[in-house]
Amino acid sequence: MTENTTLRDRVGALVTEAAQAAIEAGSLPDIALPDEVIERPRDPANGDYASSLPLRLARSAMMPPLAIAEAIAAHLPAGEVIDAPRIAPPGFINLSLAEHFVQGEVDRIIEQGAAFANSSLGAGKRAQVEFVSANPTGPLHVGNGRGAAIGDTLASALGAAGYEVEREYYVNDAGTQTDVFTETLYARYQQQFGRDVSIPEGYPGEYMVDLAATLQEREGDRFLAAPGEPPAAGLRELGIELMVEQIRRTLTAFGTNYDRWFSERTLYEDSADGASSAYDTAIASLRENGHLAQREGALWLTSSELGEDKDNVVVRSDGRPTYFASDIAYHYDKFLGRGFDLVIDVWGADHHGHVSRVLVGTETVVGRADALHVLLYQLVTLKRGDEIVRLSKRGGEIITLDELVEEVGPDAARFFFLLRAPSSQMEFDLDLAVKQSNENPVFYIQYAHARLASILDRASTEGHTPDGGDVGLLTQPHELALVREMLRLSEVIEMVATTYEPQHLAHYGTELATSFHAFNDAFRQQGDPGLKVITDDPALTAARLRLVQAAKIALGRVLDLMGMTAPERM
RNA sequence: GCGCCAGUAGCUCAGUGGAUAGAGCGCUACCCUGCGGAGGUAGAGGUCAGAGGUUCGAAUCCUCUCUGGCGUACCA
């Protein structure tokens with residue numbers, strides 16, 4: 001059994017083997033077994049794992065569930081990992097981890113350290129997570145923060161699950177939004193020099209005034225042209241560059257860093273060695289496959305022949321490619337250009353009308369779309385008390401991500417977003433967010449980590465060390481419960497990496513912290529000075545310090561995966 | 001109209017077809033005065049929107065209805 005198999009898979013394999021042994025022994029008929037044979041029971045009284053296999057097989061085996069349970073259990077003797085199985089009506093097989101196994105895992109966790117709970121699910125595969133990717137025409141708002149928290153954590157979880165992961169921001173620096181942005185910027189820029197020019201419709205926000213001021217400060221009047229004439233060359237590029245810089249700073253402050261900022265414009269550029277652009281190649285491929293049609297002066301992807309409800313314009317009648325064309329070229333580049341095995345696009349739900357189109361386009365050009373997953377997160381509704389705040393970059397008022405981070409800090413903001421399933425619409429009460437920042441559950445987790453660190457510190461100053469501690473001395477219920485909780489982490493990581501739902505990690509973190517707090521308080525409640533981590537008994541102290549050390553590793557890992565700090569003190 | 005996502009405790013939300021539906025906040029009553037109280041235990045609080053269906057078993061899967069958000073561009 002390899003190091004990177006989850007415990008769940010190990011135990012599940014034992015059940016599958018037992019069932020097969022029962023079939024070979026003739027106590028079960030020769031029937032097909034499902035892949036998933038065990039689950040985590042809700043009630044811990046029913047064991048660490050349980051199998052409902054007997055209930056599910058009853059029909060095809062034509063046997064009563066309890067008889068099947070007995071047939072399987074007979075081949076599931078107590079062993080290295082689990083104790084003897086217990087059969088429970090109407091047909092469950094309940095399994096508990098053996099105490100010595102649980103104890104031994106403490107040593108293993110310490111040995112693995114920061115690699116604890118990694119899995120090999122995605123070993124040898126390259127994954128890309130593209131997220132936020134807001135147009136560089138204004139500052140990020142609170143809703144973008146949700147995408148950032150989700151995408152970043154998902155990328156971390158995929159990494160822990162064995163994938164080689166790249167985080168990417170797709171910079172939309174081509175297209176009409178950029179034109180409007182540049183026009184507005186130039187208008188604001190001219191105003192800086194006292195010209196009476198009107199602001200085009202598009203981006204009325206105050207930040208454009210600041211951006212123009214920055215431009216004037218750094219570049220002087222070199223973009224100024226005669227009234228009514230277009231600005232000097234380079235304004236567009238510099239404006240976008242400044243905006244992207246601002247976005248990058250915002251995300252860094254939020255705790256999110258990218259491997260690559262991908263320029264949309266490069267899709268249209270031939271490579272240095274003379275190879276055609278991604279756009280040209282993708283269009284040629286579509287044409288070759290007979291999926292393009294010239295109609296009404298425009299070039300269409302005949303997607304209705306491919307299961308879509310309508311065709312989509314790829315090249316406008318004025319010759320400019322659409323955003324959709326960029327997206328086809330972009331995904332061509334992701335798969336055929338860069339060879340990712342798994343690509344996840346994290347989009348706000350307001351883009352959901354675009355999903356099936358992109359999947360069809362990708363399938364047409366790449367030949368398959370099963371490796372592309374578009375993860376939609378529902379929009380964040382902002383409230384101040386009872387008043388709903390509209391989020392609109394083009395409408396003017398926005399609550400920026402910077403403001404949120406300023407008020408509640410990056411950790412609390414991230415955790416707030418991570419607690420909710422992407423598919424869940426969430427209400428964000430700005431007043432409450434500030435008021436509750438001290439009650440945010442993230443502090444509950446971080447506090448647990450700080451106390452673990454504190455215990456190790458204290459022990460160290462008193463001359464105690466975890467080294468050489470005998471984990472066999474860990475027999476208190478709260479000690480073993482804490483270890484059991486830690487052992488779930490690899491399963492949670494795999495769940496996040498397969499369902500693309502990071503909220504499981506956030507909830508697990510809370511539960512792990514609860515296990516520690518219960519463990520810690522159990523000693524205190526009993527009022528016996530011998531019932532602490534640091535006791536008069538050096539052997540027991542060392543054993544418990546090992547547990548504390550392992551717990552700190554596990555909790556630190558969870559916080560790290562969520563992109564949050566694991567404080568030594570608070 | 002059509003399509004996508006949702007509807008679970010007073011509020012904000014978890015819940016991988018399994019056993020008695022959970023957490024945080026708020027409310028009530030306790031514990032501990034600590035190796036850090038940003039803690040622990042217990043309690044009250046539920047028609048899992050509604051109605052059918054599938055299944056040994058449904059908050060979970062299917063159908064319909066109601067409610068909310070979003071989309072339905074030669075914008076991105």
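Proteins get letters first, then strands, A, B, ... in listed order; numbering begins at 1 in each.
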With distance as the sole criterion, do the side chain of [X] and the base of [N] form a donor-acceptor contact below 3.5 Å?
{"X": "H351(A)", "N": "G71(B)", "value": "no"}
{"X": "S424(A)", "N": "C13(B)", "value": "no"}
{"X": "D350(A)", "N": "A76(B)", "value": "no"}

So, OP1 or OP2 of [N]: does either fall under 4.0 Å of a side-chain N or O from [X]?
{"X": "T176(A)", "N": "A76(B)", "value": "yes"}
{"X": "R357(A)", "N": "A76(B)", "value": "no"}
{"X": "S454(A)", "N": "G36(B)", "value": "yes"}

Verify the distance criterion only: is there a donor paired with an acceptor across the side chains of [X] and [Y] at less than 3.5 Å?
{"X": "D345(A)", "Y": "H331(A)", "value": "yes"}
{"X": "S490(A)", "Y": "T6(A)", "value": "no"}
{"X": "D179(A)", "Y": "T182(A)", "value": "no"}

Handout entry: Check: S303(A) side chain, L306(A) main-chain N or O, donor-acceptor pair, under 3.5 Å
Key =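 Checking the backbone N and O of L306(A) against the side chain of S303(A), no donor-acceptor pair under 3.5 Å is found.
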
Exercise for the section: Identify, with sequence neighbours excluded, every residue that meets ring-ring contact (aromatic ring centres under 6.0 Å, His included) alongside F262(A). Expected result: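 Residues passing ring-ring contact (aromatic ring centres under 6.0 Å, His included) with F262(A): Y330(A).
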
Practice task
Name all residues meeting the ring-ring contact (aromatic ring centres under 6.0 Å, His included) criterion together with Y444(A); count only those two or more places apart in sequence or in a different chain, and write none if there are none.
Solution key: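 Y444(A) satisfies ring-ring contact (aromatic ring centres under 6.0 Å, His included) with H517(A) only.
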
Exercise for the section: Scan residues 410-419 of chain A for pairs that pass salt bridge (Lys or Arg N to Asp or Glu O under 4.0 Å), counting only residues two or more places apart or in two chains. Expected result: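 Applying salt bridge (Lys or Arg N to Asp or Glu O under 4.0 Å) to every pair that reaches into residues 410-419 of chain A, excluding sequence neighbours, yields D152(A)-R414(A).
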
Between [N] ([atom2]) and [X] ([atom1]): distance, integer Å:
{"X": "E308(A)", "N": "G3(B)", "atom1": "CD", "atom2": "P", "result": "14 Å"}
{"X": "F92(A)", "N": "A19(B)", "atom1": "CZ", "atom2": "P", "result": "7 Å"}
{"X": "D309(A)", "N": "G1(B)", "atom1": "CG", "atom2": "C1'", "result": "13 Å"}
{"X": "R265(A)", "N": "A76(B)", "atom1": "CZ", "atom2": "C1'", "result": "16 Å"}
{"X": "W300(A)", "N": "A73(B)", "atom1": "CH2", "atom2": "P", "result": "10 Å"}
{"X": "Y169(A)", "N": "A76(B)", "atom1": "OH", "atom2": "C1'", "result": "12 Å"}

Handout entry: Salt-bridge present (E183(A), R236(A); N to O < 4.0 Å)
Key =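 No, this pair does not count.
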
Write out a two-atom table: protein N or O, nucleotide N or O from nucleotides 57-59 of chain B, distance below 3.5 Å.
none

Problem - side chain to side chain donor-acceptor pair (under 3.5 Å) partner of R8(A), the single match among E36(A), E494(A), E39(A) - result: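 It is E36(A), the one option of E36(A), E494(A), E39(A) that forms the side chain to side chain donor-acceptor pair (under 3.5 Å) with R8(A).
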
Practice task
Check every atom of C5(B), A19(B), A38(B) against the side chain of N46(A) and return the nucleotide holding the closest atom.
Solution key: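 So the nucleotide nearest the side chain must be A19(B).
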
Problem - Of residues 500-510 of chain A, the positions that come close to RNA chain B - non-hydrogen atoms, cut-off under 4.0 Å - result: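 The answer is Q503(A), H504(A), H507(A).
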
Close N/O contacts between protein and nucleotides 39-42 of chain B (under 3.5 Å):
from, atom 1, to, atom 2, distance (Å)
G39(B), N2, D521(A), OD2, 3.3
G39(B), N2, Q525(A), NE2, 3.2
G40(B), OP1, Y444(A), OH, 2.5
G40(B), O4', D521(A), OD2, 3.2
G40(B), O2', D521(A), OD2, 3.4

Could you tabulate the donor-acceptor pairs under 3.5 Å formed by side-chain atoms of residues 451-459 of chain A, not counting sequence neighbours?
from, atom 1, to, atom 2, distance (Å)
R451(A), NH1, Y447(A), OH, 3.2
R458(A), NE, E462(A), OE2, 2.6
R458(A), NH2, E462(A), OE2, 3.4

Handout entry: Residues in side chain to side chain contact (heavy atoms under 4.5 Å, CB included) contact with Q425(A), at least two apart in sequence or another chain
Key =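 Per chain and number, Q425(A) pairs via side chain to side chain contact (heavy atoms under 4.5 Å, CB included) with Q378(A).
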
Handout entry: Sequence-distant partners of T510(A), side chain to side chain donor-acceptor pair (under 3.5 Å), two or more places apart
Key =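 Applying side chain to side chain donor-acceptor pair (under 3.5 Å) to T510(A) gives none.
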
Handout entry: Non-neighbouring partners of T176(A) that pass side chain to side chain donor-acceptor pair (under 3.5 Å), sequence neighbours left out
Key =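 Side chain to side chain donor-acceptor pair (under 3.5 Å) check on T176(A) returns nothing, list empty.
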
Would you tabulate the pairs of protein nitrogen or oxygen atoms and nucleotide nitrogen or oxygen atoms of nucleotides 7-10 of chain B closer than 3.5 angstrom?
none

Fill in the blank from the handout: Pairs under 3.5 Å (Watson-Crick or G-U), crossing ones as [ ], inter-strand ones as |: RNA chain B comes out as (((((((..((((....[...)))).(((((.......))))).....(((((..]....))))))))))))....

